[in-house]
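Everything below concerns the one structure shown next.
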Amino acid sequence: MLIRLLFALIVVAVVVLIMRRIRRQPPAQRRKLYWQFGAGAVIAVVLFGVLTGRMHWLGAIFAALIPFLRGLIPMLLRLAPLVQFWQRQRRPTVSSGNTSTVATSILQMQLDHDSGAMSGTVLEGPFKGAALDALEQEQLAELLRYCAAQDRESQQLLTAYLQRRFGADMFESAYGGEAGHDSGQPSQPGTGAMTEAEARQVLGVDAAADREDIIKAHRKLMQKLHPDRGGSDYLAAKINEAKDTLIKTG
């Protein structure tokens with residue numbers, strides 16, 4: 001008993017001396033010395049436990065690895081962003097560019113999911129090949145008249161673009177007469193059934209998207225394009241039709 005007590009006092013004295021010596025070192029070196037002292041203490045305890053038969057050899061190996069976690073933890077933290085990136089790549093949910101595409105016989109329109117900005121291209125008729133953003137108000141009015149005469153879906157799509165670009169009030173004052181009397185009424189998609197490929201373009205999802213991805217894309221678009229949020233009845237109907245189409249075929 002006396003020998004154990006003497007041994008314990010010696011160990012305590014050694015630890016106190018070492019700690020005092022570490023405290024005298026420059027601050028930049030203290031952290032390193034503390035780690036070295038802790039590692040040495042763990043190894044000493046492990047060896048003592050093994051030699052006296054108080055610790056199993058597997059436990060000794062595990063305990064001996066503890067000091068090396070100092071170098072392992074920073075490495076794992078550096079790898080964490082790579083793991084997250086890899087997980088995102090394994091499950092693509094939105095098509096490249098984060099855009100949705102709606103096309104009619106006269107127009108093709110894109111919606112940026114993040115900003116909510118709309119842009120489009122004229123496919124047929126006056127100003128064929130022109131970007132809508134590059135057209136002046138008089139040219140857009142002419143194009144709207146052409147769409148009203150040729151294709152109601154194109155008229156509704158261009159109306160949605162103009163309302164988003166200029167605001168509903170300014171659109172009504174500048175283009176209300178060109179849009180026709182039914183422009184303010186809820187619009188329905190075209191009579192032709194939407195294909196799966198068209199539905200994926202509308203929602204901006206790819207072939208790997210599952211039911212959860214489709215619902216998520218639909219919700220995100222509706223938050224930007226719902227009529228109650230300043231969006232378009234026509235586009236809201238197209239988005240709903242796209243979701244229903246993909247869920248039925250999924």
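Along the sequence shown, residues carry numbers from 1.
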Note to self: Please check this pair: side chain of Asp213 against backbone of Asp210, looking for a donor-acceptor N/O pair closer than 3.5 Å.
What the structure shows: yes
Margin query: Let me confirm one number: the NZ-CD1 distance from Lys128 to Ile106, rounded to the nearest 0.5 Å.
Written below: 12.0 Å
Check: Are any non-hydrogen side-chain atoms of Leu107 and Val122 less than 4.5 angstrom apart?
Finding: yes
Next item on the list: Please identify each residue that fulfils side chain to side chain contact (heavy atoms under 4.5 Å, CB included) with Ala130, with sequence neighbours left out.
Entry: Phe127, Leu135
Next item on the list: Give, for atom CZ of Arg145 and atom CD of Gln155, the distance between the pair rounded to the nearest 0.5 Å.
Entry: 12.5 Å
Margin query: Under the rule for side chain to side chain donor-acceptor pair (under 3.5 Å), what residues qualify as partners of Thr195, not counting sequence neighbours?
Written below: Glu198
Notebook entry, point to check: If you take all heavy atoms of Ile247 and Arg211, which pair is closest and at what distance?
Noted result: CG2-NH1, 3.1 Å
Check: Does any N or O in the side chain of Asn240 come within less than 3.5 Å of the main-chain N or O of Ala236, such that one atom is a donor and the other an acceptor?
Finding: yes
Notebook entry, point to check: Residues two or more places apart in sequence or in another chain: which of them pass side chain to side chain donor-acceptor pair (under 3.5 Å) with Thr104?
Noted result: Ser154
Next item on the list: For the residue pair Leu157 and Lys238, establish whether any side-chain heavy-atom pair is separated by less than 4.5 Å.
Entry: no
Item checked: For Glu196, all residues meeting side chain to side chain donor-acceptor pair (under 3.5 Å), sequence neighbours excluded -> Arg200
Item checked: With sequence neighbours excluded, residues passing side chain to side chain donor-acceptor pair (under 3.5 Å) with Glu124 -> none
Next item on the list: Hey, could you give me the CG/CE distance between Asp244 and Met194, rounded to the nearest 0.5 Å?
Entry: 9.5 Å
Checklist line | Shortest non-hydrogen separation from Tyr161 to Met118 and the atoms involved | finding: CE1-O, 3.7 Å
Note to self: Less than 4.5 Å apart, side chain to side chain, heavy atoms only: is that true for Val205 and Lys216?
What the structure shows: no
Checklist line | Set of salt bridge (Lys or Arg N to Asp or Glu O under 4.0 Å) partners for Lys243, sequence neighbours left out | finding: none
Checklist line | Minimum heavy-atom distance between Cys147 and Leu158, given as atom pair plus value | finding: SG-CD2, 4.2 Å
Checklist line | Close side-chain approach of Thr245 and Val202, heavy atoms under 4.5 Å | finding: no
Check: Where do Leu203 and Ser100 come nearest, in terms of heavy atoms and distance?
Finding: C-OG, 3.5 Å
Margin query: Distance check, rounded to the nearest 0.5 Å: Asp206 atom CG versus Gln201 atom CD?
Written below: 12.0 Å
Notebook entry, point to check: From Gln163 CD over to Tyr234 OH, what is the distance, rounded to the nearest 0.5 angstrom?
Noted result: 13.5 Å
Margin query: How close do Gln139 and Glu136 get, counting heavy atoms only, and between which atoms?
Written below: OE1-N, 2.8 Å
Check: Atom OG1 of Thr121 and atom CG of Asp133: how far apart are they, to the nearest 0.5 Å?
Finding: 9.0 Å
